[in-house]
Amino acid sequence: MAGLPQLTRGICARLANSENEDSEELFNSQPTLQLLSFKKVPPTGGGNNVDRYRVIVSDGEHFLQSMLATQLNHLVEEDAIGKGAVAVIEKFTCNIVQGKRLLIILALRVLVKTTEKMGSPGPVQGRPEGGASTPAAETPGPSTSTNITPAPPAAAAAQAPRQQTQANRNGRAAAIYPIESLSPYQNHWTIKARAMNKSDIRTWVNQRGEGKLFSVTLMDDSGEIRATAFNAAVDLFYDKIQEGKVYLISKAKVNLAKKKFSNVNNEYELTFERNTEVEECLDVTDVPTVKFNFVPISGLQDVSKDATCDIIGVVKEVGELSTITSKATSKVIPKRELTVVDRSNYAVRVTLWGKQAEQFEATDQPVIAFKGVKVGDFQGRSLSMMSSSSMHMNPDIPEAHALRGWFDAAGSDQTFQAHTSTFTGGGGITFDRAEVRNLNEVKTAEFGMSDKPEYFCAQATIMHIKNDTISYPACPSQGCNKKVVELGDSWRCEKCDKSYPKPQHRYMVSMAVSDYSGQAWFSGFNDVGETIFGMPADELVDIRERDDSQFNQVVERAIGTTYNFACRAKQDSYNEATRVRYAINRIMPLNYREETKYLANILTHSDWAR
DNA sequence: CCCCCCCC
């Protein structure tokens, strides 16, 4: 084996049995190992959507499972490391996965690439007693201290007090661990992370007592973790930690995160304690600012209620500042609604609360990225800011620039589809190909003949629009939609018990639609009118009053377009006659890319293709 | 150790 470096014999067994050996000497050693095999592991869904590499490492005697930290993936992808490579593992940590120690490789340096397997490693067997007395690794690294677990006597006594100075004295940077490597099983770490989303100080009072807390999300290029400080730790760290700055943080407690309370993508969370060390770091290279995982607004229908998501869009409208009274606490809370649109041609309402609602100012329809906003089902889909959400106006990211360009060029003239609510709490709010019926079938299969409404989808073309009444004058107060009556020079809403100088017209459209099998009359409300006419009802009413032929043109233009519909069929009695009426729950312009994909898929899988 | 995030 001449010419090949020495492997750090025995290290695999020590690591495999290291639960009783939480010694910094072991964890700070830099063993030389051979990388025997690589396997790409697809994302599990829980984490960030990145492939990972499982690597079998060998010390010549035993082999051991390990994972590459994702920031090292490029080494595999660029073929810098591969089967047989011998490397110094410069930094690593261990997690316990299904009762087994799993080595996580955080940094490595390749010594030599060879295909020759060194030694004849076998599996680590049993749990040799006295693991701590196995010979130390050949290349001990700098030591830092442990703060909880008693390490084997020799190591612990000598090193405990040396915590902070060690790194400086060696003239080496402190060993920085990526956030993704943090786990409760390992406590010698320092992270270098940007503080994002610092909350206000909140107080609580409950049966178990009272206190105060604040929390902050810490982020580096490997991931993010939520950190919380309670009581005395609030005084220690609240002022020190500032939004957007980068800190070296160590000795915080790592706990399992309670997933249902967090939208931060980490299994764990940190608690700042009295002895936690937080030091601002001025070298902020490679510490990202914010990470987004944007969902198109059209895609919100597939995000479940109460989940959080990231959205980026143009603020089409800024609502007035208003207030609501919380039912639970009867507190009065300021709120403001933004209407945000994106290139999916959907609009969604985002609610800001409290100070943020009061202080919101936007000139000129800015692009805003929202991180961690909560998805609600009001009017189909709505979004709401939470304390852990953040809002980033005109962020300097490609998505924002692309949106700006699109909106300024074309988007501002567009009409946007809204997520619409279900009327009865049943299905039928989304277009679903599995639910598509041809119109002949709809009319003959006794759809909607029962007492309950029934739902179906259709792909059909507008053939005719009843144009005598296409809209009604509605109450302008948000969400009321009630018809108002003209009284003198004002318009009265019975429901709101208020008069308004002007109504807001809302569409109520009846149209004949047709597919290859037949024709049916569908009716739709405001969103349907806006989709087919491409303008709000007020505008079309205005056109009609000014110029009837121009109005007819607008209506004519809507004829002949094909849409995907989600409909509700329901029995209805009118003038003593019972018939079935078809209401449009959702109308979707055809997405030809999607339609083509669907058809191509049918062709590929049909008998004709064989 | 919080875990509320509101209303239509």
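All chains are named by letter (A, B, ...) in the order of the sequence lines, taking the proteins before the strands, and each is independently numbered beginning at 1. The analysis underlying the following values was restricted to heavy atoms, covering all of them including side chains, and did not include hydrogens, waters or symmetry mates.
The side chain of Glu269(A) lies closest to dC2(B), out of dC2(B), dC1(B), dC6(B). Of the candidate nucleotides dC2(B), dC8(B), dC1(B), dC1(B) has the atom nearest to the side chain of Lys258(A). In this structure, of dC7(B), dC2(B), dC1(B), it is dC2(B) that holds the atom nearest to the side chain of Thr228(A). Of all nucleotides listed (dC3(B), dC6(B), dC1(B)), dC6(B) comes nearest to the side chain of Ile333(A). Picking from dC6(B), dC2(B), dC8(B) the nucleotide with the shortest atom distance to the side chain of Ser326(A) gives dC6(B).
Residues Tyr582(A) and Phe565(A) keep their aromatic ring centres 6.0 Å or farther apart.
For Tyr238(A) and dC2(B), the OH to P distance is 19 Å, given to the nearest whole Å. Spacing between atom CZ of Arg202(A) and atom P of dC6(B) amounts to 13 Å, rounded to whole angstrom units. The nearest whole Å value for the distance from the NZ atom in Lys198(A) to the P atom in dC2(B) is 21 Å. The distance between atom NZ of Lys374(A) and atom P of dC5(B), rounded to the nearest whole Å, is 6 Å. Between Arg349(A) atom CZ and dC8(B) atom C1' the separation is 7 Å, expressed in whole Å. As a whole-Å value, the separation of Lys482(A) NZ from dC8(B) C1' is 15 Å. The interatomic distance linking Leu213(A) (CG) with dC3(B) (P) rounds to 8 Å, in whole Å. Taking atom CH2 on Trp353(A) and atom C1' on dC6(B), their separation rounds to 5 Å, with Å as the unit.
An aromatic stack links Phe378(A) and the base of dC8(B), using centre distance under 5.5 Å and interplanar angle under 30°.
When only modelled atom types and interatomic distance are considered, Arg349(A) and Thr339(A) share no side-chain donor-acceptor pair under 3.5 Å.
No hydrogens or angles were tested; on distance alone, nothing pairs the side chain of Arg226(A) with the base of dC2(B) as donor and acceptor under 3.5 Å. Between the base of dC4(B) and the side chain of Ser387(A) there is a donor-acceptor pair shorter than 3.5 Å.
Put simply, the side chain of Ile465(A) reaches to within 4.5 Å of the side chain of Phe533(A), judged on heavy atoms. When side chains are defined from C-beta on, Arg343(A) counts as touching Leu403(A), because their heavy atoms get closer than 4.5 Å. Between Gln417(A) and Pro589(A), some side-chain heavy-atom pair lies under the 4.5 Å cut-off.
If you check every strand for non-hydrogen atoms under 4.0 Å, Asn206(A) touches sugar and phosphate atoms only. Nucleic acid contact class of Gln207(A) (heavy atoms, under 4.0 Å, all strands): none. Among the atoms of the strands shown, none is found under 4.0 Å from any heavy atom of Lys212(A). Residue Ser388(A) is classed as having no contact, given no heavy-atom separation below 4.0 Å to the nucleic acid.
Each of Trp204(A) and Lys327(A) lies near DNA chain B, and the nucleotide nearest Trp204(A) is the one positioned closer to the 5' end.
Annotation for Asp489(A): atom CG does not count as buried by contact number, only 12 or fewer foreign heavy atoms lying within 6.0 Å.
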